[in-house]
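Notes follow the structure.
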Amino acid sequence: MVVSSCWIGFAPHAFAAEKPLSPRTGHAAATQHAKPAAASTSSAATAPTPPRPELISVSRHRATPVSRAETRLASIPGATSVIDAQKVLKGRNFTSADALAFQPGVFAQSSGGGDGIRLSVRGSGIATGTNYFRSGMLMMFDGLPVTTPAGTPYELFEPLGLRYTEVLRGANAFDYGGMQLGGGINYVSQTGYDAQRYQARVEAGSFGYVKEQLSSGGVFGKFDYYLSATNSYRGGYQDNTKATSFGLNANFGYRFNDRVSTRAFFRYRQTDNGYPGYLTRDQILSDPKQAQSPYYSWGSHRIQPGTKYYGSMTTIRIDDHSKIEFGGNYQDAPIDIQNTASSQIWGYKTIAGVLNYDRHDVLRGHKSDTQVGILSYSDIEAWQRNRIRVSSVFGGVPDGTLLRNVKYGGTENYFHLRNNTEVVHNLWLTAAGALAFIKRTSDVTYPNRSDLHTASVNFVPRGGFRYIPDPHIEIYGNVSRSIQPPNDWNYNYAGNYYNAASYPLQATAGENSTSGRLRNQTATTFEIGTTGHYFHNKWSLTYYHSSVHNELLTITTPASLAAGTSIYGNASPTTHQGVEVSLETELLKWAGNTLSLRQAYTYQDFRYRHDAVFGNNHLPGIPEHFYQGEVHLDMRNGFYAGFSAQVSSKVGASYDMTYFAPSYHIYNANIGYSWPHKHREVFISFNNLANTHYAAIVVPGYQAAGKQLAVMQPGDGFGVFVGASIGFN
């Protein structure tokens, strides 16, 4: 937004060159220091007849939170992006899958009406279902980790109340301490500085969907606040998928002076999601609304009775060239899973902390940026209890009978160091390394005693470059290691399930007799790409290749499917490679109106390397080709409209790759009006216009052998949704 503009007269030779632009953002790069303008006053004074001054327009642009984030991430030699929440709010915001649309390399799909989306980046959590802690990525709120030794609880990720989201694919999350294969996602909250004083929003539509939000934000001297309350209900497209939720999101900031500021965060959310089980391919194609037997008759559902998150972050700017950030959080995430014939009650309490020191120097004429950081998170209390909830399945044994009791524990500490140095003009080299200290425990205390303890120390190096040959183009590349430990509870689902007659009840529930051993997943990734903007086009293009060892994979078998879970294990060597492309094109612009096209394409080639059973088979569970595109019209009077398409290739549904979910095309439309210079907006969205029957999520089985496995969950059919938002300052 232009906040001031003036006309100033200069002699032609007295005007200084402007600061170079970052090819990724179009904003002045934060690490490029322009020389001050130097007017030649002596020559001007001696000139007999000064030339007529040239009129030059000089404008100052206020840096928004989004533009500042884009500029900061532009210094990373790899694939990153920033999602502006104000653009996402122009349509339905049911789950975080809506917010993560049109991101190359990101596969985010929702099914069943609940919060548990399927999320995978570069193959992270490739075979993890929707009602599980998310794996393979570092996920954060405002730079603080939500990820724990158990993975990432999903219920707190309400998309309303965010200002923007940072997506750092692969090893490009290194500066946050993200060492896992998928990278990291940082959700940044609104604050009093960018929120409306009072705001109300409502969305409603098909499948009994209603979602409401009330929020308020403001600044009072050195203090600011933001508070958001959300409530939602959905009857569900598929049988037994009713979903309800209520949540709070608040933060409070205080600026002691120009150099010291602090902010406290609080989040609370409770959810209740029906569980329909999984369907076969033919069931989805013929009637995707059906639930798999017997989950409907059992009243299967999953409750998050009330997850609480407390956090704080403090920034101290030591001088103009260095700063320290430190913070921490506490999470309490109880879980009540009533999906199958046996219940699972979980308790998780965790703490986390971060410390980062950043400084900017000039070493022998070369600009140099250095960061030293610590990321740590640990279980305080973690346990699981399984009890009978459908006595008929267990031969009449009373409901509530204890089947299993397990205690979990885990700690992860990452000490990371990174330096970016401009070795020659516009060529930056990155050198980085991290030490990872990882511990896990899984102790079965009933029906028998089994203790498992693991610990490891790992070095995680990273090197890269970033070259700007032209103000409109950037080329980057990196070679990085990654490490991903198993979630602490994975150990209790490793290996084969009960088949011993000595524990018949536990065998019926599909539970392990002891904790199995799992190894850390590691990978070496090569990445090269380019970003830029030229002639009404803004693009990003990345190729990566990962050699993965001990990949953590999951499979479902008839016994594990009946238990509502999966079996976890380490794979033989695998390869992940892919291409990630985004392109935004301004097709036409006239009289303040714009017709544009945005596209995101992801190619994913994940496969075994000479596996003893599966040879060089592709890994199942995710499409090889995935495309999203939208033609969008923005009128200066506030009217906007968009037509979008989502295209997916077929998806392997078994590790022997003989069974597939079919490819699909989904078409959507969105129309809205935003009052100019006012905080008022209305929209109507039409989703899945052709009412296509398709499998949105596939959790692969082991071997199909010509049979159809119930391992798929359907996407929504045709739906209409309306929304309205009104705000006052």
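The chain is numbered in sequence order, starting from 1.
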Do you know the tightest heavy-atom contact between [X] and [Y]?
{"X": "Pro65", "Y": "Asp194", "result": "CG-OD2, 3.7 Å"}
{"X": "His679", "Y": "Asn729", "result": "NE2-ND2, 3.0 Å"}
{"X": "Pro145", "Y": "Leu375", "result": "CG-CD1, 3.6 Å"}

Reported CZ-to-CZ distance for the pair Phe223 and Phe252, which is rounded to 0.5 angstrom
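The distance works out to 6.0 Å.
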Measuring from Met179:CE to Asn520:CG, what's the distance to the nearest 0.5 Å?
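Reported to 0.5 Å precision, the distance equals 14.0 Å.
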Is there side-chain contact between Val121 and Phe107, with heavy atoms separated by less than 4.5 Å?
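No; the side chains remain at least 4.5 Å from each other.
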Would you tell me whether [X] and [Y] have side-chain atoms, one donor and one acceptor, within less than 3.5 Å of each other?
{"X": "Tyr225", "Y": "Ser216", "value": "yes"}
{"X": "Thr350", "Y": "Asp379", "value": "no"}
{"X": "Ser540", "Y": "Ser582", "value": "yes"}
{"X": "Thr165", "Y": "Asn186", "value": "no"}
{"X": "Ser261", "Y": "Thr315", "value": "no"}

Testing Arg163, Arg267, Arg263 one by one against Ser189 for a side-chain hydrogen bond (donor to acceptor under 3.5 Å, both in side chains), which residue passes?
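Answer after filtering Arg163, Arg267, Arg263: Arg267.
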Taking the six-membered ring of [Y] (Phe, Tyr or Trp), confirm whether the NZ or CZ of [X] is under 6.0 Å from its centre and within 45° of its axis.
{"X": "Arg122", "Y": "Tyr544", "result": "yes"}
{"X": "Arg481", "Y": "Phe459", "result": "no"}
{"X": "Arg466", "Y": "Tyr476", "result": "no"}

Using the six-membered ring wherever Trp is involved, compare the ring planes of Tyr414 and Tyr377 and label them parallel, tilted or perpendicular (cut-offs 30° and 60°).
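If you compare the ring of Tyr414 with that of Tyr377, the planes turn out tilted.
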Would you please indicate yes or no on a ring centroid separation below 6.0 angstrom for Tyr309 and Tyr330?
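Tyr330 vs Tyr309: aromatic centres not under 6.0 Å.
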For Tyr467, which residues count as a ring pair (Phe, Tyr, Trp, His ring centres under 6.0 Å) partner, sequence neighbours excluded?
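Ring pair (Phe, Tyr, Trp, His ring centres under 6.0 Å) list for Tyr467, sorted by chain: empty.
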